[in-house]
Amino acid sequence: MNFTLFITVLITAMTLVAAAYVIAKLVGPRSYNKVKGEPFECGIPTHGSSWIPIHVGYYLFAILFLMFDVETVFLYPWAVVVKEFGAAALFSIGFFLVVLVFGLAYAWRKGALEWK
């Protein structure tokens with residue numbers, strides 16, 4: 001195998017990243033003060049610790065959203081090529097949708113979609 005192209009691309013990428021970093025350090029504005037080093041959110045100074053526990057329901061809801069949102073990403077390419085593959089494509093996407101519906105029903109039954 002000839003790795004010349006791979007090595008060339010790798011060296012070019014590393015050179016461009018290093019050049020961008022050096023140019024940013026040389027040209028970028030420099031103003032360091034105490035206020036810039038403080039945590040900042042919405043213009044209001046923080047009070048107390050910023051490490052607070054977050055309810056696991058937010059994470060579960062986000063994962064469920066991503067799971068069912070990614071479903072649409074998989075449906076688009078299927079819709080483009082469904083005529084070429086015929087019944088096999090229709091069966092496979094039907095199975096895919098059945099699995100997702102069962103997953104949604106399971107999450108709904110377990111109460112994962114309810115805010116408590």
Side-chain angles (χ1 to χ4, degrees):
M1 294 180 109
N2 188 357
F3 290 108
T4 307
L5 181 61
F6 176 73
I7 298 296
T8 304
V9 169
L10 188 65
I11 290 172
T12 304
M14 290 171 38
T15 304
L16 288 174
V17 169
Y21 182 75
V22 169
I23 290 170
K25 282 293 185 186
L26 293 175
V27 177
R30 291 182 194 96
S31 62
Y32 303 106
N33 57 31
K34 185 180 177 186
V35 175
K36 284 195 173 196
E38 293 182 7
F40 180 79
E41 184 173 337
C42 302
I44 301 171
T46 57
H47 298 288
S49 174
S50 60
W51 291 97
I52 57 172
I54 305 293
H55 191 268
V56 73
Y58 292 113
Y59 297 110
L60 182 60
F61 199 81
I63 289 172
L64 288 171
F65 172 76
L66 287 176
M67 183 175 74
F68 291 108
D69 190 47
V70 168
E71 166 194 357
T72 59
V73 173
F74 288 127
L75 287 177
Y76 180 75
W78 168 80
V80 171
V81 297
V82 70
K83 283 187 178 180
E84 294 177 23
F85 294 110
L90 189 60
F91 176 75
S92 65
I93 199 63
F95 180 73
F96 178 71
L97 289 175
V98 165
V99 169
L100 282 174
V101 167
F102 279 136
L104 177 63
Y106 177 78
W108 198 336
R109 183 168 174 103
K110 287 290 187 178
L113 302 176
E114 297 176 6
W115 293 105
K116 296 178 183 177

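All values below come from the heavy atoms of this structure, side chains included, with hydrogens, waters and symmetry mates left out.
By the criterion of side-chain heavy atoms lying less than 4.5 angstrom apart, applied directly or through intervening Ile, Leu, Val, Met, Phe, Trp or Tyr residues, Tyr76 is grouped together with Val81 in one hydrophobic cluster. Note on Met67: it clusters hydrophobically with Val70, by side-chain heavy-atom contacts below 4.5 Å among ILVMFWY residues. Under the 4.5 Å side-chain heavy-atom criterion for ILVMFWY residues, a single connected hydrophobic cluster contains both Phe6 and Met14. Tracing side-chain contacts under 4.5 Å through hydrophobic residues (I, L, V, M, F, W, Y), one reaches Trp108 starting from Tyr59; they form part of the same cluster. Connection of Val82 to Leu97 is established within a shared hydrophobic cluster, with ILVMFWY side chains joined at heavy-atom distances below 4.5 Å, either directly or through further cluster members.
In Phe68, the CZ atom is crowded: over 12 heavy atoms of neighbouring residues, nucleotides or ligands sit closer than 6.0 Å.
The only option from Leu16, Val9, Thr15 that meets the side-chain contact (heavy atoms from CB on, under 4.5 Å) definition with Thr12 turns out to be Leu16.
Using bins of under 30°, 30° to 60° and over 60° for the plane-to-plane angle, the ring pair Phe95/Phe91 lands in the parallel bin.
Separating the CG atom in Leu64 from the OH atom in Tyr106 is a distance of 11.0 Å, to the nearest 0.5 Å. Residue Tyr58 holds its OH atom at 15.0 Å from CD1 of Ile63, rounded to the nearest 0.5 Å.
In this structure, Val17 and Tyr21 have side chains that are not in contact, with every pair of non-hydrogen atoms separated by 4.5 Å or more.
Under the side chain to side chain contact (heavy atoms under 4.5 Å, CB included) criterion, Phe96 pairs with Glu71, Phe74, Ile93, Leu100, sequence neighbours left out.
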